[in-house]
Structure formats: C-alpha cells, structure tokens
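Have a look at the structure below, then the notes.
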Amino acid sequence: MLFDATLRITEIFYSVQGETSRAGLPTVFIRLTGCPLRCGYCDTAYAFHGGTGMTIAAILQQVAEYAPRYVTVTGGEPLAQKNAPPLLAALCDAGYDVSLETSGALDISGVDQRVSRIVDIKTPGSGEVAKNYWDNLNYLAPHDEIKFVIADAADYKWARAMLHEHKLAQRCPVLFSPVHGQLGAGQLADWVLRDRLPVRVQVQLHKIFWGEVAGR
C-alpha cells in the first residue's frame with residue numbers, strides 16, 4: 001500500500017517559512033535525508049546521512065499533530081528518494097498547501113502538479129553548476145518558483161544571463177537569494193534595482209530569527 005512506503009527522515013518540525021513567496025508563513029517542514037550534491041555553501045549537511053525510516057502514514061500522522069495549512073518537503077535533496085513523489089501526493093490529498101524544495105539536479109516531471117516546486121538553478125559559486133537539469137524548465141507551471149543562490153558578483157552576472165536567455169520570469173516567479181554571511185542582501189538588492197530585473201530578492205528569515213540551527 002502507498003501509506004506503507006518508507007522514506008528516511010532527518011527531521012519534521014514546525015517553524016516559519018524563511019524563503020520563497022511563502023516567507024513568514026507558519027509551516028511544517030519534512031526534511032528528507034540524503035543529497036547527491038555538495039554545494040560549497042550548503043547549510044544542511046547534517047541531512048546528508050542518517051535519518052530515521054518512516055512510513056508515509058507515520059509522516060502524515062506527525063504532520064497532522066501541528067494542524068498546519070502549509071507543508072514543505074525539503075532536504076538534502078528530497079527527489080533522491082524514490083518515495084518522495086508518493087509522499088508529496090499524499091500530503092496534497094490530505095488537503096495541505098504543499099511545496100517542494102529541490103536542487104534542480106533531478107527530474108521534477110513526476111511530482112504531483114498540485115505541489116509548488118521550488119527549483120534551484122545552481123550557480124558557478126555553488127561548485128555544482130554542471131548538475132543543473134535544464135529539462136526541468138519545460139515542466140514548470142506558474143505556481144512553481146525558480147531560485148538562484150548568489151555568492152558573489154560573478155554568480156549574479158551568470159544568473160542574470162540565465163534569466164534573460166531562458167526567459168525565466170515568463171515561466172514562473174524567480175527568486176534571487178544571497179549566500180548568508182557571504183554576500184550582503186543590500187548589495188544584491190542594489191544590483192537587481194540597477195538592472196531592473198523582474199525577480200524577488202529574498203533573505204533567509206529563519207536565520208535572521210534564530211541563526212544557524214537545525215530544526216528551524
């Protein structure tokens with residue numbers, strides 16, 4: 001049965017969404033274990049290994065205890081686990097407003113269309129630019145979002161070029177986020193304003209609220 005399918009879970013917690021257009025909204029996060037990428041600025045390396053096996057039924061039961069409206073499935077890289085799509089579909093069936101945070105390195109076409117897919121496009125500064133799965137652009141819907149994490153001026157120029165080359169803002173909302181502690185948010189905002197880019201500049205609210213801690 002679908003509800004008997006098992007995933008490895010690093011943590012399930014209730015917090016404020018720190019990123020995307022849902023920033024500031026109380027949200028249950030389901031952090032799956034494992035990731036095939038090793039971005040230089042990764043802030044969730046603790047999710048690379050370990051975790052606890054949980055059935056989809058058990059995950060749903062724990063999520064329901066918070067009585068949330070919003071649920072985010074994140075990682076690691078959630079799509080590295082074969083049972084992530086069934087989990088996402090089950091969360092939608094349960095009536096939640098569901099989003100997926102994914103690295104952009106794996107195929108999103110099998111993800112339930114009700115899910116808002118937040119797809120990274122890895123910049124050169126990540127060290128993983130070669131892992132971008134560009135075919136994902138063909139599957140984006142208006143309720144999905146594209147995210148660039150910007151480490152420096154070179155990353156910004158590259159992201160700006162990709163924005164124009166692929167007409168990304170015509171596909172779905174585009175987010176530019178500075179690497180926390182490496183690039184000032186004000187500097188990034190100045191560049192976006194100077195170039196009049198059709199993107200949302202975002203910061204990681206949870207780090208402003210609580211710093212670099214797990215479960216937030």
Side-chain angles (χ1 to χ4, degrees), residues 2-15 17-23 25 27-39 41-64 66 68 70-94 96-122 126 128 131-137 139-141 143-149 172 175 177 204 206 214-216:
L2 170 65
F3 290 144
D4 292 332
T6 300
L7 299 98
R8 293 205 68 80
I9 305 297
T10 292
E11 55 187 349
I12 299 175
F13 60 98
Y14 188 52
S15 186
Q17 175 60 263
E19 304 181 72
T20 78
S21 62
R22 295 170 172 76
L25 294 172
T27 301
V28 170
F29 292 84
I30 305 169
R31 188 179 305 285
L32 274 60
T33 305
C35 183
L37 280 68
R38 292 296 182 266
C39 298
Y41 48 68
C42 181
D43 55 4
T44 54
Y46 64 90
F48 288 169
H49 308 288
T52 301
M54 294 182 66
T55 63
I56 290 177
I59 296 167
L60 290 173
Q61 181 177 358
Q62 189 166 338
V63 169
Y66 297 102
Y70 299 97
V71 177
T72 294
V73 176
T74 186
E77 168 50 70
L79 296 181
Q81 296 196 39
K82 66 179 182 179
N83 288 325
L87 169 62
L88 289 159
L91 290 165
C92 291
D93 289 344
Y96 301 119
D97 188 323
V98 182
S99 60
L100 166 71
E101 295 181 347
T102 177
S103 66
L106 300 178
D107 187 354
I108 66 169
S109 62
V111 175
D112 194 294
Q113 292 294 312
R114 294 171 292 178
V115 175
S116 176
R117 298 166 295 186
I118 315 303
V119 180
D120 273 23
I121 296 181
K122 296 301 182 185
S126 72
E128 294 284 25
K131 300 287 182 62
N132 285 316
Y133 183 70
W134 292 101
D135 284 354
N136 278 336
L137 299 183
Y139 306 122
L140 293 171
H143 68 278
D144 297 323
E145 299 179 20
I146 295 168
K147 183 175 72 172
F148 291 90
V149 178
C172 64
L175 314 168
S177 179
Q204 294 176 296
H206 51 291
R216 289 293 194 175

### Task
Would you tell me whether Ser99 and Thr72 have side-chain atoms, one donor and one acceptor, within less than 3.5 Å of each other?
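Ser99 vs Thr72: donor-acceptor pair found between side chains.
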### Message
Whether the Glu145 and Ser116 side chains hold a donor-acceptor pair (N or O, under 3.5 Å, no angle test) is what I'd like checked.
### Response
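Absent: no donor and acceptor within the cut-off.
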Any side-chain to backbone donor/acceptor pair from [X] onto [Y]? Under 3.5 Å, distance only.
X: His49; Y: Thr33; value: no
X: Arg31; Y: Gly75; value: yes
X: Arg8; Y: Gly51; value: yes
X: Thr44; Y: Ala47; value: no

For [X], side-chain hydrogen bond (donor to acceptor under 3.5 Å, both in side chains) partners two or more places apart:
X: Thr20; result: none
X: Glu77; result: Thr102, Ser103
X: Asn136; result: none

When you compare the side chain of [Y] with that of [X], does any pair of heavy atoms fall below 4.5 Å?
X: Leu32; Y: Val73; value: yes
X: Val115; Y: Leu91; value: no
X: Phe3; Y: Leu60; value: yes
X: Ile12; Y: Phe29; value: no
X: Cys39; Y: Lys122; value: yes
X: Trp134; Y: Ile121; value: yes
X: Val63; Y: Gln61; value: no
X: Val149; Y: Asp120; value: yes

Drop me the distance from [X]'s [atom1] to [Y]'s [atom2], to the nearest 0.5 angstrom.
X: Glu11; Y: Thr74; atom1: CD; atom2: OG1; result: 9.5 Å
X: Leu25; Y: Ser15; atom1: CG; atom2: OG; result: 11.5 Å
X: His143; Y: Asp97; atom1: NE2; atom2: CG; result: 9.5 Å
X: Ser109; Y: Tyr139; atom1: OG; atom2: OH; result: 4.5 Å
X: Tyr70; Y: Arg22; atom1: OH; atom2: CZ; result: 7.0 Å
X: Asp144; Y: Ile108; atom1: CG; atom2: CD1; result: 6.0 Å

Could you tell me which non-hydrogen atom of [X] sits nearest to which non-hydrogen atom of [Y], and how far apart they are?
X: Cys172; Y: Ala141; value: CB-O, 3.5 Å
X: Ser177; Y: Glu19; value: OG-OE1, 4.4 Å
X: Leu37; Y: Ala105; value: CD1-CB, 3.6 Å
X: Tyr96; Y: Ala64; value: OH-CA, 3.5 Å
X: Ala45; Y: Cys42; value: N-SG, 3.7 Å
X: Pro85; Y: Gly110; value: CB-O, 3.9 Å

### Task
Report the C-alpha distance between Ile59 and Leu7 in whole Å, list the side-chain angles of each, state the deciding distance to 0.1 Å, and finish with yes or no for side chain to side chain contact (heavy atoms under 4.5 Å, CB included).
CA-CA 9 Å; Ile59 296 167; Leu7 299 98; 4.0 Å; yes
### Task
Start with the C-alpha gap between Leu100 and Ile118, add the side-chain angles, then the distance that decides, and say whether side chain to side chain contact (heavy atoms under 4.5 Å, CB included) holds.
CA-CA 6 Å; Leu100 166 71; Ile118 315 303; over 6 Å; no
### Query
If you look only at pairs with a residue in residues 100-113, which of them pass as a salt bridge (Lys or Arg N to Asp or Glu O under 4.0 Å), with sequence neighbours excluded?
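The answer is Asp112-Arg114.
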### Query
Which pairs count as side-chain hydrogen bond (donor to acceptor under 3.5 Å, both in side chains) when at least one residue sits in residues 80-91, sequence neighbours excluded?
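Sorted result for residues 80-91: empty, none.
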### Task
Under the ring pair (Phe, Tyr, Trp, His ring centres under 6.0 Å) rule, collect the residues that match up with Tyr66, sequence neighbours excluded.
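Here the qualifying residues are Tyr14.
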### Message
Run Tyr46 and Thr10 through side chain to side chain contact (heavy atoms under 4.5 Å, CB included) and show every step you take.
### Response
CA-CA 8 Å; Tyr46 64 90; Thr10 292; 3.9 Å; yes
### Query
Could Arg38 and Glu128 be called an ion pair, given the rule that one side-chain N must be under 4.0 Å from one carboxylate O?
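Salt bridge flag = no for Glu128 with Arg38.
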